[in-house]
Amino acid sequence: MEAEDLWGARWTSSANPLAHRYMETAARKQTLVCLAADMRSVGELIDLVEEVGPYIAALKTHVDMVDDFSSESWQGLIDSAKKHDLLLFEDRKFADIGKVSQNQMAGVHDIRSWADIVTAHRISGPDIVEGIAAGWADVARIGGVLLLAQMSSSGNLLNADYTDEVIVTGRGSPNVIGFIGNGSSAEEVAALRAKVGDSQMIWTPGVNLAVGDGEMGQRYGHPKGAVLAGSDAIIVGSGIHGADSRQEAAAEYARESFEALCEREGQ
Ligand code: S5P
């Protein structure tokens, strides 16, 4: 199915080319899964991507949890992601002042040179988005920021007023492709979608086929509920990398998420 037909208003209203790239990949591969590849070594990361690559549309990393990082080995992961046509998303959750965030895009991990998408908190002020964009500009690249508007963890401090401020910042910025929403609660995702409107994406962690409480305050909702409520990408970690058959699990999340999108968009 053509991305345009599948995504409806999200396709026509989105301004950022990266959003369109994601939507095209999702339509072609029939999956809204962003894999949260929370592995501790580059080898494990590459193995995982090789195994589930056909069932996912984006790859989310935490480069700073990898024990054996080197730019050479990381290049292997980038190559693997490219082979599977995956957007590279570093979940760095930047939160410092703009200038420092710009410099944190460099450093040993040099996130600016390989990540297409990064996450950022709005807590320090709206200029964080400009700082991150300046980081990409330093290496003549363009990327997209997902601002954390909600979180899936219990007891988080991102209340409705805070969410509103995050949306105001995101709406005005060409560098913000969307928002992180709380996938564990379809009600919260629906409330976020109502505030965001059609022109930006919502990506949701806190999603698992086994709903309920996860480890250390994590909460899980069903992928279908999140997508029907307005999520455009389900961020799935342990539901896939912790499964007995990672491939079967990835295929299942792909099917659930894609069917839910078709249902939402009346396809
Ligand atoms: O509110 C949030 C935001 C994020 S980006 N809650 C989250 O869990 N995440 C990320 O999603 C988290 O950093 C992890 O990589 C992933 C969830 O993993 P899972 O194993 O619980 O599915």
Side-chain angles (χ1 to χ4, degrees), residues 22 31-41 44-45 48-49 52 55-66 77 86-95 111 115-123 128 132 144-160 162-163 166-167 170 176-189 191-192 201-227 229 231-244 246 249-250 252-254 256-257:
Y22 164 74
T31 174
L32 306 194
V33 176
C34 168
L35 174 68
D38 293 336
M39 314 306 278
R40 297 288 302 270
S41 76
E44 285 175 302
L45 273 166
L48 179 60
V49 172
V52 306
Y55 305 103
I56 63 178
L59 174 66
K60 185 176 89 62
T61 51
H62 282 298
V63 66
D64 54 358
M65 72 160 67
V66 168
L77 179 67
L86 304 171
L87 283 171
L88 272 161
F89 166 9
E90 168 57 24
D91 188 9
R92 174 62 179 74
K93 296 188 179 73
F94 290 100
I111 294 168
D116 303 303
I117 299 172
V118 300
T119 40
H121 284 293
R122 161 70 176 79
I123 187 82
I128 190 163
I132 293 167
V145 176
L146 287 170
L147 287 175
L148 284 113
Q150 298 173 337
M151 290 196 75
S152 63
S153 42
S154 62
N156 72 70
L157 300 173
L158 286 67
N159 62 24
Y162 180 90
T163 300
V166 173
I167 294 167
V176 174
I177 56 167
F179 304 94
I180 296 292
N182 173 17
S184 76
S185 161
E187 294 72 30
E188 282 190 33
V189 177
L192 182 59
M201 296 191 291
I202 296 174
W203 290 35
T204 52
V207 160
N208 199 297
L209 290 166
V211 303
D213 289 338
E215 284 180 62
M216 295 190 186
Q218 177 68 304
R219 299 172 296 186
Y220 292 114
H222 197 276
K224 183 173 181 182
V227 174
S231 166
D232 303 309
I234 54 165
I235 297 175
V236 187
S238 38
I240 293 175
H241 65 70
D244 290 339
R246 304 191 298 192
E252 179 76 357
Y253 281 94
E256 288 281 349
S257 59

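All values derive from a computational prediction rather than experimental measurement. Counting starts at 1 for both ligands and their atoms, in listed order. In what follows, every heavy atom counts, from backbone to side chain, and hydrogens, waters and symmetry copies are set aside.
- Looking only at protein heavy atoms, the nearest one to atom 14 (C) of ligand 1 is Asp38 OD2, 3.3 Å.
- Across Val189 and Ile202, no two heavy atoms sit closer than the pair O-CD1, 4.5 Å.
- Considering every non-hydrogen atom in both Leu32 and Asp232, the closest pair reads CD1-O, 3.7 Å.
- Counting heavy atoms under 4.0 Å from ligand 1, residue Met151 touches it through both backbone and side chain.
- The shortest heavy-atom distance from Glu215 to ligand 1 is not under 4.0 Å.
- Distance CE/Met151 to OG/Ser184: 11.0 Å, rounded to 0.5 Å.
- Nearest non-hydrogen protein atom to atom 5 (S) of ligand 1 is Asp91 OD2, 3.0 Å.
- Taking 4.5 Å as the limit, every side-chain heavy atom of Ile235 sits out of range of all side-chain heavy atoms of Val33.
- At the shortest separation from atom 16 (C) of ligand 1 among protein heavy atoms lies Ala36 CB, 3.8 Å.
- Contacts between Ser238 and ligand 1 below 4.0 angstrom, taking non-hydrogen atoms only, involve backbone and side chain alike.
- At the top of the distance list for atom 13 (O) of ligand 1, counting protein heavy atoms only, stands His62 NE2, 2.9 Å.
- Under 4.0 angstrom from ligand 1, the non-hydrogen atoms of Ser152 come from both its backbone and its side chain.
- At the top of the distance list for atom 8 (O) of ligand 1, counting protein heavy atoms only, stands Gln218 NE2, 2.9 Å.
- Under the 30°/60° scheme for interplanar angles, the aromatic rings of Phe89 and Trp203 are found to stand perpendicular.
- Residue Gly237 places at least one N or O, backbone or side chain, under 3.5 Å from an N or O of ligand 1.
- Residue Thr163 holds its OG1 atom at 8.0 Å from CD of Glu188, rounded to the nearest 0.5 Å.
- Protein heavy atom in closest approach to atom 3 (C) of ligand 1: Pro205 CG, 3.4 Å.
- Side-chain contact, Tyr22 with Asp116: no donor N or O sits under 3.5 Å from an acceptor N or O.
- Checked against a 3.5 angstrom limit, the closest N/O atoms of Gln150 and ligand 1 fall outside it.
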* To do: Could you give me the CA-CA distance, side-chain angles and deciding distance for Asp91 and Lys60, then say whether salt bridge (charged side-chain N to carboxylate O under 4.0 Å, His left out) is met?
  => CA-CA 6 Å; Asp91 188 9; Lys60 185 176 89 62; 2.6 Å; yes

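- At least one heavy atom of Tyr220 sits under 4.0 Å from some atom of ligand 1.
- The two atoms that bring Ile123 and Tyr162 nearest to each other are N-OH, 3.2 Å, heavy atoms only.
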